[in-house]
Amino acid sequence: LRKRMIRAEKMEAVSHLAASISHEIRNPLTAARGFMQLLEQHHLSPEKRRQYARIAIEELDRAEAIITDYLTFAKPAPETVEKLNVKTEIERVIDFIRPLANMNSVEVRATLAPFSIIGEREKFRQCLLNIMKNAIEAMPNGGVLQIYVSIEKRRVLIRISDTGVGMTKEQMERLGEPYFTTKEIKGTGLGMMVVYRIIESMNGTIHIQSEVHKGTEVSIYLPLSSSHLPQEVRKAKKIFAVL
Ligand code: ADP
Ligand code: MG
């Protein structure tokens with residue numbers, strides 16, 4: 001049974017990306033600080049000491065994971081909306097993710113074409129990274145991560161598929177919901193929320209198909225950039241100003 005979902009509208013929940021980032025990172029930092037403070041006590045048993053240290057480290061790992069989901073490609077300078085070559089951008093993200101793929105014995109196969117889209121480079125890369133990272137994490141015992149690019153009705157299609165664990169209907173429905181994760185302490189449940197927000201801001205749509213024990217296929221559709229670039233950039237800038 002193959003389940004299908006189309007969505008871009010669910011993400012009004014977190015309306016301000018920048019505000020949510022500092023909030024998300026501050027929480028685990030505050031928790032880590034609290035446990036470090038407990039560690040300062042003299043009378044602690046060795047077990048308590050180990051336990052507090054372990055929790056502090058987990059909280060710091062969580063802060064790190066949140067930064068990975070939001071800010072991997074972030075630079076100090078403000079981002080600009082520009083013409084992006086999907087082939088080049090996908091290749092950069094594949095380069096970045098290759099060590100993780102190798103660690104999981106995941107083979108990466110890419111069939112790319114140099115179509116142009118309009119967007120912010122860092123956000124687009126972040127979105128691709130979050131999807132590819134999920135794909136690799138869904139294949140702990142190896143598999144194939146496939147990335148395919150084509151054109152459909154003046155829209156650029158980017159299809160990212162894996163041969164991993166797949167999702168149940170219930171998991172599919174909760175995908176993109178803040179904090180929904182099946183990865184326990186290793187997951188943030190923020191990666192797909194970020195993906196939906198970015199694709200929405202680029203006037204794109206996402207379709208997801210998944211089957212348990214077979215794998216998952218994420219299809220992103222984005223408007224193909226026309227030759228009238230300056231006007232399109234201006235239009236896109238207005239949209240991004242809302243973020
Ligand atoms: P996280 O990766 O931190 O758990 P995400 O928002 O990126 O958070 O993903 C939420 C959940 O969606 C994951 O925990 C997982 O259960 C499911 N998921 C996302 N992508 C895939 C995939 N390619 N294959 C299987 N499950 C997935
Ligand atoms: Mg993720």
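Note that ligands are numbered from 1 as they come in the structure, with each ligand's atoms numbered from 1 the same way. Just so it is clear, the structure is predicted and the values come from calculations on it, not from any experiment.
- What sits closest to atom 4 (O) of ligand 1 on the protein, heavy atoms only, is Thr181 OG1, 2.5 Å.
- Partner of Met192 under the side-chain contact (heavy atoms from CB on, under 4.5 Å) criterion, out of Asn130, Asn134, Thr181: Asn134 alone.
- Side chain of Thr111 to backbone of Tyr148: no donor-acceptor contact under 3.5 angstrom is found.
- The protein heavy-atom contact nearest to atom 10 (C) of ligand 1 is Phe180 O, 3.2 Å.
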Report task. Report the C-alpha distance between Glu170 and Arg174 in whole Å, list the side-chain angles of each, state the deciding distance to 0.1 Å, and finish with yes or no for salt bridge (charged side-chain N to carboxylate O under 4.0 Å, His left out). Result -> CA-CA 6 Å; Glu170 290 71 30; Arg174 298 196 60 193; over 6 Å; no
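- Around atom NZ of Lys183, more than 12 heavy atoms belonging to other residues, nucleotides or ligands sit under 6.0 Å away.
- Nearest protein heavy-atom neighbour of atom 26 (N) of ligand 1: Met167 CG, 3.4 Å.
- Protein heavy atom in closest approach to atom 23 (N) of ligand 1: Asp162 OD2, 2.8 Å.
- Ligand 1 lies within reach of Lys183, whose nearest heavy atom is under 4.0 Å from it.
- Contact annotation: for Asn130 versus ligand 1, there are no heavy atoms closer than 4.0 Å.
- Residue Gly166 holds the heavy atom nearest to atom 25 (C) of ligand 1 of all those in Gly166, Ala65, Gly164.
- Distance from atom 5 (P) of ligand 1 to its nearest protein heavy atom, with residue and atom name: Met192 N, 3.7 Å.
- Under a cut-off of 6.0 angstrom, the local environment of CZ in Arg49 is crowded, with over 12 non-hydrogen atoms contributed by other residues, nucleotides or ligands.
- For the Mg ion (ligand 2), the set of nearby N, O or S atoms under 2.8 Å includes one belonging to Asn134.
- Ser225 approaches Lys83 most closely through the heavy-atom pair OG-CE, 3.6 Å.
- Of all non-hydrogen atoms in Asp69 and Val194, the two that sit nearest each other are O-CG1, 3.7 Å.
- Atoms of ligand 1 found under 4.0 Å from any heavy atom of Gly191 (numbered from 1 in listed order, with element): 5 (P), 6 (O), 7 (O).
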message = One pair to check against salt bridge (charged side-chain N to carboxylate O under 4.0 Å, His left out): Glu89 and Arg121. What are the steps and the verdict?
response = CA-CA 8 Å; Glu89 296 311 315; Arg121 193 182 306 278; 2.5 Å; yes
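- Interface of Ala135 with ligand 1, defined as ligand atoms under 4.0 Å from a residue heavy atom, comprises 23 (N).
- Among protein heavy atoms, the minimum distance from atom 15 (C) of ligand 1 is reached at Thr182 OG1, 3.5 Å.
- Closest approach of Arg155 and Asn203 over heavy atoms only: NH2-O, 2.9 Å.
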Exercise for review: Report the C-alpha separation of Glu173 and Lys169 in whole Å, then their side-chain angles, then the decisive distance to 0.1 Å, and conclude whether the salt bridge (charged side-chain N to carboxylate O under 4.0 Å, His left out) test is met.
Suggested key: CA-CA 6 Å; Glu173 272 161 10; Lys169 183 175 175 274; 3.4 Å; yes
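- Residue Gly189 has at least one nitrogen or oxygen atom sitting less than 3.5 Å from a nitrogen or oxygen atom of ligand 1, judged on distance alone.
- At least one N or O atom of Asn134 sits closer than 3.5 Å to an N or O atom of ligand 1.
- Residue contacts with ligand 1 for Leu175 involve side-chain atoms from C-beta outward but no N, CA, C or O (heavy atoms, distance under 4.0 Å).
- The distance criterion of under 3.5 Å between nitrogen or oxygen atoms is met by Thr188 with respect to ligand 1.
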